[in-house]
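Taking it in order: structure first as structure tokens, then the write-up.
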Amino acid sequence: MVGNWKMNGNLRENAELLAKVVAGWQGEHSAEVVICPPFPYLMHANSVLSGSTILLGAQTVSEHDSGAYTGEVSGSMLADLDCKFVIIGHNERRRMRSETDEQVAHQFAAVQRAGLIPILCVGESLQDREQGRHLETISRQLSAVFAYTGKAVFKHAVLAYEPVWAVGTGKTATPEQAEEVHRFMRAQLEELASEVRILYGGSVKAHNAQQLFALPDIDGALLGGASLDADEFLAICKAAD
Ligand code: PGA
């Protein structure tokens, strides 16, 4: 379960939210939980999460390792702050920051160079979906990374299917729609098919999580809105457990 806080929160709210989540997630669990706060709060979140089983992640990363890249954050900086995962290729960055498939491929490699695990997001627009081109889009987004890094490195990666039309809209893909794409993505991984975790993201809430997690090719969820509410987030994590 990956909570993507996006550009939300402040020190006081984060402290409250993290304290509630940590208190509600004591002991042993089979589900792995990751929280991805905005960059300025990583250090604070790391200190609150230390001693818990909840892991830390970041929401994006530079494709470069160091140098004159004002405003950018490198994989090694994230590793320094104990991040274990980095979300890359989120549709909000592909759309609002014009990140290309190639740039995402370079970010994927940068995350792995820093010893971290990329959570590679792919997903089609509403137009792609309506025109029946959703698998073509997913295939293009995945192929760009495969072409740059090869497939073997996906052993140390997580994939996330996030239909753009379902993110933050309250519309979730139907179980059939989600399962079709997850099965397709798994097939693209060939011999690694059974080893790579594939998350679903897009308006996952406590009331629809169980139905999605019951599907054979869905291994977890990437949660936006639901990760900002401790009770909702914990309910989904428990459903996954
Ligand atoms: P949402 O966001 O759960 O608010 O739809 C998911 C995401 O952007 O990862």
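Computed over heavy atoms, backbone and side chain alike; hydrogens, waters and symmetry mates excluded. When a ligand or atom number is given, it counts from 1 through the structure's own listing order.
Ligand-side atoms of ligand 1 in range of L222: 6 (C), 9 (O), range being under 4.0 angstrom from any heavy atom. For ligand 1, the atoms sitting less than 4.0 Å from at least one non-hydrogen atom of H90 are 7 (C), 8 (O), 9 (O), numbered in the order shown with element in parentheses. Interface atoms of ligand 1 facing G202, defined by a heavy-atom separation under 4.0 Å, are 5 (O). Within ligand 1, counting atoms from 1 as listed, the ones closer than 4.0 Å to a heavy atom of G168 are 1 (P), 4 (O), 5 (O). Residue contact check: G225 has heavy atoms under 4.0 Å from atoms 1 (P), 3 (O), 4 (O) of ligand 1.
Between E136 and R140, no side-chain nitrogen of the basic residue sits less than 4.0 Å from a carboxylate oxygen of the acidic one, so the salt-bridge criterion is not met. Under 4.0 Å is where a charged nitrogen must lie from a carboxylate oxygen, and between E16 and K20 no such pair does. Checked for salt-bridge contact, D219 and R186 meet the test: a charged N lies under 4.0 Å from a carboxylate O.
Counting only distance, with no hydrogens or angles, the side chain of Q59 and the backbone of K6 share a donor-acceptor pair below 3.5 Å. Distance alone, capped at 3.5 Å, is enough to place a donor-acceptor pair between the D241 side chain and the A31 backbone.
With a 4.0 Å cut-off on non-hydrogen atoms, N4 touches ligand 1 through its side chain and not its backbone.
Here the protein heavy atom with the shortest distance to atom 7 (C) of ligand 1 is E162 OE2, 3.1 Å. Of the protein's non-hydrogen atoms, the one nearest atom 3 (O) of ligand 1 is G224 N, 2.9 Å.
Of the inter-residue distances, the one linking N4 atom CG with I87 atom CD1 reads 4.0 Å to the nearest 0.5 angstrom. In this structure, the separation between CD on E63 and CD on E72 is 7.0 Å, given to the nearest 0.5 Å.
Every N/O-N/O distance between V167 and ligand 1 stays at or above 3.5 Å. In terms of polar-atom proximity, defined here as any N/O pair under 3.5 Å, K205 makes no such contact with ligand 1.
Residue contacts with ligand 1 include K6, since one of its heavy atoms falls under 4.0 Å from the ligand.
For F108 and F146, the ring centers are positioned 6.0 Å apart or more.
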